[in-house]
Every structure is written in C-alpha cells, then in structure tokens.
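Order of appearance sets the numbers: ligands from 1, and atoms from 1 within every ligand.
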Amino acid sequence: MINIPKGTKDVLPAESYKWQFVENAARQTAAQFNIREIRTPVFEHTELFLRGVGETTDVVTKEMYTFEDKGGRSITLKPEGTAGAARMFIENGLANSPLPLKAYYIAPCYRYERPQAGRLREFHQFGIEVFGASSPEADAEVIFAASTFLKKLGIKDIRLEINSIGCKSCRAEYNRALKEYFRPHLGEMCATCNERFEKNPLRMIDCKEEKCKAITAGAPKMLDYLCPDCRAHFEKVKCLLDSLGVEYTVNPDIVRGLDYYTRTVFEFVSTSIGAQGTVCGGGRYDGLVSELGGGNVPAIGFAAGLERLLLLMENTGIPFPAAAVPEVYVAGMDDATRAKAFAIVNDLRARGVSAECDLMSRSVKAQFKYADKLGAKYVAVIGGNELERGTVNLKKMADGTVSEVAFADIYGFLAENK
Ligand code: HAM
C-alpha cells in the first residue's frame with residue numbers, strides 16, 4: 001500500500017463539516033470587514049520567497065519545498081501566503097486600484113518541518129492582507145478582524161501578544177546594540193547564530209537552541225530602541241485595541257519568524273495544543289512591496305493555521321454545529337418500488353431537498369440501518385401497497401410519529417415539517 005506523505009493529512013468525509021465551519025467563519029469575518037478573496041498559485045518562483053520571506057529565516061534556509069521544473073526554473077511550493085499576495089498586488093498594478101486593498105485567502109502552505117501535533121508539512125492558512133494603509137487604525141482593524149474570527153469560532157482559551165519591531169532606521173540602531181551584546185558570546189552560540197550575527201542579528205533572538213536561548217534572554221529589547229514615530233505608532237495601536245475592548249499583553253520577545261515585518265507584530269497563542277501554541281500570527285510589513293519591486297506601499301496582515309485552530313477547538317471541547325443530514329431516506333423493496341424510490345428521491349433533489357435512497361440493492365432492514373447511520377430526519381418504505389395507493393408513510397425519526405403523504409405531496413410536507 002502507498003501511504004500518505006509524512007506531515008500531511010486527509011480530511012475524511014466524517015470530519016469535513018468541521019473544516020467547513022471554520023472556513024465559513026473565515027469568509028463571514030472577511031465579509032464583515034469588506035475583504036475580498038484572492039487566489040494565488042500554490043507554487044511561485046523561488047526568488048520570491050528568498051527576497052520576500054528572507055534569506056536568513058528558518059523557513060527559507062531549511063523548510064522550503066524547492067525543485068527545478070522541466071524548464072529548468074527554480075520553483076517553490078508556497079511556505080506562506082504574504083509574499084504571493086504582495087507579488088499579485090505588484091504584478092497586477094493594484095497600487096492603482098482604490099486603496100487600501102483588502103484581501104483574504106484560504107490556502108494550503110508547505111514547510112518541510114519535523115511533524116508534531118499542530119505542525120505539518122502541508123497545512124492551511126486563513127490570511128488577511130491589507131495593502132496601502134500605514135495608519136495605526138489599519139493595525140487595530142486587522143488585529144480586531146483576527147479576534148472577531150476567533151470569537152466566531154467560540155475560542156476563548158487564547159491570548160493576544162503584541163510587540164513592535166520598529167522600522168528600518170530604528171532597527172539599524174537596534175542591530176548595532178544586538179551585535180555589541182552578542183559579540184562576546186559568539187563562541188558559545190550555534191553556527192546558525194554566528195551566521196545570522198553578520199546578516200541579520202534580530203534573527204538570533206528566534207534561535208531555539210538551549211545554549212543560545214540562555215544568552216538571548218539577556219539581549220537588549222527592540223522596544224527600548226523604537227524611534228519616536230514607531231513609538232507613537234505602537235502607543236496608538238495599543239490605545240485603539242483598548243477602545244475596541246481587545247485584550248492583549250505586550251511581549252517584547254516576539255520577533256516573528258519571517259523577515260518582512262516592521263513595527264507592529266502580534267500572535268494569538270494558546271496553551272491547550274502543546275508546543276505549537278501560536279494559532280495566528282501577523283504584523284505590519286511596510287517594506288515588502290518595495291523589496292519585491294513595487295512602490296512604497298505599506299501593508300499589514302495575519303494568517304491563522306486551520307489545523308491548529310481545529311486542534312484547539314477539539315482539545316478544549318468547543319462544539320461544532322452538526323453536519324448536514326438528509327431530510328428523507330426512501331427505501332424500496334423490489335424492482336418496481338426501488339424504481340419509484342429512486343424517482344422520488346431524485347425529484348426531491350432536483351427541487352433542492354437533501355434526499356437519499358439505496359444504491360446497493362440492500363434489504364429493507366439494511367436500508368433502515370444505513371438511513372439511521374446517515375441521520376436521515378424522515379424515513380419511508382415503498383412497498384406494493386404504497387405503490388398502488390400512491391402514498392408513503394413518512395416516519396419522523398426524532399419521535400417516531402408517522403404521517404401518510406401522497407407521493408406528489410412529499411416535497412410540500414418536508415418543506416412544512418422541517
Ligand atoms: P506564520 O507565523 O509563519 O506567519 O504562520 C501563520 C500561522 O500558520 C501560524 O500561526 C500557524 O498557525 C500556522 N502554521 C505555520 N507553520 C505551520 C505548520 N508547519 N503546521 C501547521 N500550521 C502552521 C505567516 O505565515 C505570515 N505569512 C502571516 C502574515 C500574513 N503576516 C502578515 N500577513
């Protein structure tokens with residue numbers, strides 16, 4: 001037997017309603033905030049992620065699914081949605097459309113990571129990206145959209161952590177301070193940190209190695225190096241979140257794992273799903289569009305991992321609305337009655353009713369059992385007598401009451417007795 005690749009998952013028919021519930025909540029949230037859907041390719045030129053996500057990030061250095069296509073191009077399965085959205089924005093000249101441009105996506109992403117609970121190699125993100133607005137209100141709106149989405153799902157066990165990682169100019173000064181701090185410790189730090197020291201010292205803060213973590217704990221904090229503009233921006237974002245009733249804590253250690261962030265960064269974190277507790281992460285990325293060859297367009301967004309959300313909902317016992325069930329199951333006994341059941345059921349379907357009948361030539365008893373498993377609301381059997389009279393006895397499964405209904409009236413009866 002050929003097995004599913006490591007780090008990927010099937011969504012089985014019995015659980016897809018949970019996915020649909022989460023996706024519907026995502027679409028509803030997007031609609032409330034007037035955010036339109038975009039769809040970008042699953043694969044992009046590798047260069048997009050090298051330049052966009054950053055050459056010193058774990059995602060780019062260790063985790064990308066990169067291959068050469070038959071035309072000799074280097075192609076990468078998207079590890080995240082933001083770089084592709086920014087490419088789309090630039091390539092389609094959307095800077096000339098009414099701004100801000102607000103977009104959302106629900107899409108698969110690919111990262112070659114060590115699989116564990118809540119960490120997969122193929123996973124799915126609901127992401128929102130807002131291009132063109134630099135105001136703190138845009139930050140607050142995007143964070144409020146994420147919070148509204150999580151609330152819609154019934155998620156309570158979650159905390160919002162925010163930070164600011166400054167702009168190009170204050171970051172330069174911070175990087176100098178980091179280098180000064182880390183220089184005497186380089187001998188004790190891992191090879192990756194040593195590499196990052198030259199290229200991007202901020203990334204060293206993200207290192208998961210115990211020996212490095214101990215050193216990083218005492219490193220200077222970006223919040224202490226914010227320039228007056230970045231500081232005022234962050235203060236305003238906090239004020240706006242307060243006014244929206246969104247609770248948060250400031251966590252000066254959040255730097256995020258991708259290089260494009262500027263100013264506000266945030267994560268929604270849960271303690272109920274193990275080590276991979278961040279279900280949603282995002283922030284401002286004012287330099288990405290210009291880095292990718294577009295104009296000077298500020299932007300902000302987030303992405304939530306659907307698998308982690310589902311895990312969190314399951315682990316904390318949040319109920320999912322029940323899956324849809326057939327309104328009626330019509331059983332037949334022999335060729336003639338089965339043919340009638342088939343005709344009735346398909347007529348109901350053509351009129352928009354969810355109905356079911358036998359496709360397996362099973363006994364009436366076995367058909368009843370199947371109808372029960374499906375959770376059909378009404379069940380009827382057509383026997384010789386029913387066929388002659390042109391009626392069925394519709395049994396309501398919830399309470400056992402039986403109603404005799406003419407074939408032609410089944411549709412009307414079901415409409416009235418939902
Ligand atoms: P990220 O923090 O790398 O940010 O990922 C966002 C979310 O995707 C995570 O919080 C997590 O729920 C989910 N996720 C990430 N990796 C995995 C994995 N291996 N398995 C399962 N779930 C995973 C971004 O991707 C940014 N593009 C977010 C963003 C949008 N920032 C601005 N706009």
Side-chain angles (χ1 to χ4, degrees), residues 5-9 22 26 35 38 40 44 48-49 52-54 57-60 62-65 77-89 100-131 133 138-139 141-143 145-146 149-150 153 155 158-163 165 206 254-270 272-289 298-313:
K6 196 172 165 184
T8 65
K9 270 192 178 162
V22 173
I35 305 172
I38 54 167
T40 64
E44 298 270 4
L48 176 70
F49 304 113
V53 172
T57 59
D58 280 352
V59 169
V60 165
K62 303 180 191 159
E63 297 167 2
M64 293 207 301
Y65 277 89
L77 303 185
K78 64 177 164 196
E80 58 96 54
T82 310
R87 194 241 345 111
M88 175 214 72
F89 179 84
L101 183 118
K102 305 204 278 186
Y104 84 91
Y105 49 85
I106 298 174
C109 297
Y110 301 84
R111 294 184 193 176
Y112 193 81
E113 295 196 76
R114 206 160 33 80
Q116 63 180 81
R119 191 162 73 191
L120 292 120
R121 290 182 175 170
E122 180 187 63
F123 59 98
H124 297 78
Q125 285 186 342
F126 162 48
I128 286 179
E129 314 290 357
V130 173
F131 293 96
D139 305 40
E141 177 173 306
V142 164
I143 294 172
F149 168 58
L150 296 169
L153 296 178
I155 291 173
I158 197 127
R159 62 175 196 279
L160 166 63
E161 298 185 349
I162 63 171
N163 190 21
I165 56 169
D206 222 14
I254 295 183
V255 293
R256 308 276 302 129
L258 313 164
D259 275 352
Y260 45 64
Y261 291 110
T262 51
R263 293 194 162 174
T264 316
V265 286
F266 59 94
E267 292 182 346
F268 286 85
V269 189
S270 164
S272 307
I273 52 171
Q276 303 305 316
T278 308
V279 295
C280 174
R284 182 164 276 292
Y285 51 96
D286 290 347
L288 179 62
V289 173
I300 180 161
F302 73 79
L306 302 193
E307 285 82 358
R308 285 191 196 170
L309 287 170
L310 287 162
L311 191 65
L312 173 58
M313 292 174 72

Check: Leu120 main-chain N/O paired with Arg111 side-chain donor or acceptor under 3.5 Å: no
Mind checking whether Gly127 has a heavy atom under 4.0 Å from ligand 1? no
Polar atom proximity, Arg119 to ligand 1 (N or O, under 3.5 Å): no
Within-shell test, Gly118 vs ligand 1, heavy atom, strictly < 4.0 Å: yes
Given that the side chain starts at C-beta and the backbone is N, CA, C, O, which of these parts of Val59 lies under 4.0 Å from ligand 1, counting heavy atoms, or is it both or neither? neither
Is there a heavy atom in Glu63 that sits closer than 4.0 Å to ligand 1? no
Just to be sure I read this right, does ligand 1 sit under 4.0 Å from the backbone of Tyr261, its side chain, both, or neither, counting only heavy atoms? side chain
Does any N or O in the side chain of Thr262 come within less than 3.5 Å of the main-chain N or O of Asp286, such that one atom is a donor and the other an acceptor? yes
Would you mind checking if Glu307 and Lys9 are paired as a salt bridge, meaning a charged N to carboxylate O distance below 4.0 Å? no
Using a heavy-atom cut-off of under 4.0 Å, does the side chain or the backbone of Gln276 touch ligand 1, or both, or neither? neither
If I apply the N/O under 3.5 Å rule, does Gly305 come out as touching ligand 1? yes
Could an N or O of ligand 1 be found under 3.5 Å from any N or O of Val279, whether backbone or side chain? yes
